[in-house]
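Everything on this sheet refers to the single structure shown next.
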2 protein chains.
Amino acid sequence: MSNREANYIKKLRNSGLRPTKQRIKICEALFDRDKTFHFSISDLMKIIKNLHNEKISLATVYNTIHAFQKKGYLKEINLGNENSFYDTNTSLHHHFYDEQTKELIDINSEEVELKKIPTPPSGKKIEDIEVTFKISKNI
Amino acid sequence: MSNREANYIKKLRNSGLRPTKQRIKICEALFDRDKTFHFSISDLMKIIKNLHNEKISLATVYNTIHAFQKKGYLKEINLGNENSFYDTNTSLHHHFYDEQTKELIDINSEEVELKKIPTPPSGKKIEDIEVTFKISKNI
DNA sequence: GACATAGTTTATAATAGTTCTAAACTATAG
DNA sequence: CTATAGTTTAGAACTATTATAAACTATGTC
Ligand SMILES: [Mn+2]
Ligand SMILES: [Mn+2]
Ligand SMILES: [Zn+2]
Ligand SMILES: [Zn+2]
C-alpha cells in the first residue's frame, strides 16, 4: 500500500466514510495532482477508465462526489449550465475562465483586491466574493 | 395596440424576427418591468400562464429565449447547475446572490472597483470581469 | 385581397445529465 | 466468525433541453 493510499484511507475514516476501493481510486484520480483540478462527472469517468482499466459505476461516482462535497473536499463551481463542475480547491479563490476552450485557472485570493465594494441590501451581509476574469486569445 | 406593444413589434422587425403574438407576449412578460429580471424557463412559463390565460408551447418559449439571446436582448447567467437562467440586463454588471433565497440582485459596474488585477496566462487577455457577492441574512 | 413562400409554432419524440431504487456486496464492530 | 450498517451497482425514473416534422402564419408580390 502506497503512502498516499494510506493517507486517503485515514482521511476517509476520519470523515466517517468507509475506505472502499472505489473511493480510494476516486481520491487518486482527484487528489494525486500538483494543480487544482476542475472537472465534470464525465471527465472523471473517463479518467477513472484510463487510470485503472477497471470500472466504477456511474452511480458510485455520483455518490462519492456528493459525499466528498458534503465533507468539504470538493466545491461545486458554476459555469455553463450543461452539467455540474467541481473544484478540488475548496478555499475561497478566483478564476480565469476561457469560454472558448472552457478552461478554468485558479487565482489565489491575494492576487485580487477590491477598492470599492457595494453596500449589500438591508438585512443582508456579504458572505464571500468571487471574481471571474473571462479571458480569450490575444489576437 | 398599446404603445409598448408597438415598440416590441418594431424591435422584433428590426432584428429580423417576425412579430408573432407569442413573441410579443414573451416581450411583455420579460421587458414590461422597472427592474432587471432574472429568470429560468420554468419561471417564465408560469408567468406567461398567469399573465394571459392562453398558453405558449414550451418549445416556442425555448426558441424565443434563444433567439432573444442571440440578438443580445438577454444574457445567460451561471448559477446552480440545475437549469439555465437568463438576465434582461445585458450590460456588463455584477450581482449580489443570496444562495438561501436564490435571489439575484444587480450591481452597476461603477459600484465595484478593483485595485489589484492578476496577470492573465500568456497569450490571453482579460475580456471582462464579473464579481459575485454572496450574501446571507444578517445574524 | 389572393397567393406563394419562408419563418414560426406546436405536440411529441429523443437526448443527456442526474437521482432513485432495491438487490447484491463489503467494511467493521463485537 | 457473525451481524449489521454502509456501499456499490445496474437499471429505471426523472428533469431540463433539443430535435423533428407537420400545421400554421406573417409578409411580399401581383
Ligand atoms: Mn444553454
Ligand atoms: Mn448539483
Ligand atoms: Zn478553482
Ligand atoms: Zn443581472
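Values below: every heavy atom of this structure, side chains too, minus hydrogens, waters and symmetry copies. Every chain is numbered from 1 and lettered A, B, ... according to where its sequence line falls, protein lines coming before strand lines.
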Nucleotide of dT8(D), dA10(D), dT12(C) approaching T64(A) most closely (side-chain heavy atoms): dT8(D)
With a 4.0 Å heavy-atom cut-off, tell me which residues in residues 20-28 of chain B come close to DNA chain C, sorted by residue number. T20(B), Q22(B), R23(B)
Pair E28(B) + R4(B), salt bridge at N-O below 4.0 Å: no
How long is the straight-line distance from CD1 of I135(A) back to CD1 of I129(B), given to the nearest 0.5 Å? 12.0 Å
Can you tell me how far P of dA26(D) sits from OH of Y8(B), to the nearest Å? 19 Å
N or O in side chain of H66(A) less than 4.0 angstrom from dT18(C) OP1/OP2: no
Closest listed nucleotide, where the reference is the side chain of Y62(A) and the choices are dT9(D), dT17(D), dT18(C): dT18(C)
Classify the ring geometry between F68(A) and Y73(A) as parallel (under 30°), tilted (30 to 60°) or perpendicular (over 60°). perpendicular
Can you tell me the distance, in whole Å, between the CG atom of L58(B) and the C1' atom of dT15(D)? 11 Å
Over the length of the helix from dG1(C)-dC30(D) to dG30(C)-dC1(D), how much do the five-pair end axes diverge, rounded to 10 degrees? 30°
Parallel, tilted or perpendicular, as decided by the 30° and 60° cut-offs, for the rings of F31(B) and Y8(B): tilted
I want to check one thing: is the phosphate of dT7(D), taken as OP1 and OP2, less than 4.0 Å away from some side-chain N or O of T60(A)? no
Can you tell me if R13(A) uses its side chain to pair, donor with acceptor, with the backbone of P19(A) under 3.5 Å? no
With sequence neighbours left out, the residues meeting side chain to side chain contact (heavy atoms under 4.5 Å, CB included) with K125(A) are E127(A), S136(B), N138(B)
Could you state the CD1-P distance from I65(A) to dT19(C), rounded to the nearest angstrom? 12 Å
In short, S91(A) meets N89(A) closest at the heavy-atom pair OG-OD1, 2.7 Å
List in chain and number order the residues that pass ring pair (Phe, Tyr, Trp, His ring centres under 6.0 Å) with F85(A), two or more places apart in sequence or in another chain; answer none if no residue qualifies. none
Would you mind reading off the distance between K10(B) atom NZ and dA26(D) atom C1', rounded to a whole angstrom? 19 Å
5' precedence on DNA chain D between N83(B) and N63(B) (nearest-nucleotide basis): N83(B)
Are any protein N/O atoms closer than 3.5 Å to N/O atoms in nucleotides 13-15 of chain C? If there are, list each pair with its distance.
none

Got a donor-acceptor contact below 3.5 angstrom from the H94(A) side chain to the V131(A) backbone? yes
Could you check I41(A) against N83(A) for side chain to side chain contact (heavy atoms under 4.5 Å, CB included), going step by step and ending with a plain yes or no? CA-CA 8 Å; I41(A) 297 290; N83(A) 53 17; over 6 Å; no
Hey, which of I47(A), D87(A), T88(A) is the one that makes side-chain contact (heavy atoms from CB on, under 4.5 Å) with F39(A)? T88(A)
Output the distance between atom CG (D106(B)) and atom CG (N108(B)), rounded to the nearest 0.5 Å. 7.5 Å
Nearest heavy-atom contact between F133(A) and I126(B) is CD2-CD1, 3.8 Å
Let me spell it out: for each of K55(A) and G16(A), pick the nucleotide of DNA chain D with the closest heavy atom. Which residue's pick is nearer the 5' end? G16(A)
Nucleotide dG17(C), atom P - distance to CG of L79(A) in whole Å: 15 Å
Please list each protein N or O that sits under 3.5 Å from an N or O in nucleotides 27-30 of chain D, with the distance.
| residue | atom | partner | partner atom | Å |
| --- | --- | --- | --- | --- |
| dT27(D) | OP1 | R13(B) | NE | 2.8 |
| dT27(D) | OP1 | R13(B) | NH2 | 3.2 |
| dT27(D) | OP2 | R13(B) | NH2 | 3.0 |

Between S84(A) and dG17(C), is there a contact of a side-chain N or O with OP1 or OP2 at under 4.0 Å? no
Find the distance F39(A):CZ to dG17(C):C1' and express it as a whole number of Å. 15 Å
Would you name the heavy atoms of L92(A) and K75(A) that are closest together and state the gap between them? CA-NZ, 4.2 Å
Over how many whole Å does the gap from L44(B) atom CG to dA16(D) atom C1' extend? 15 Å
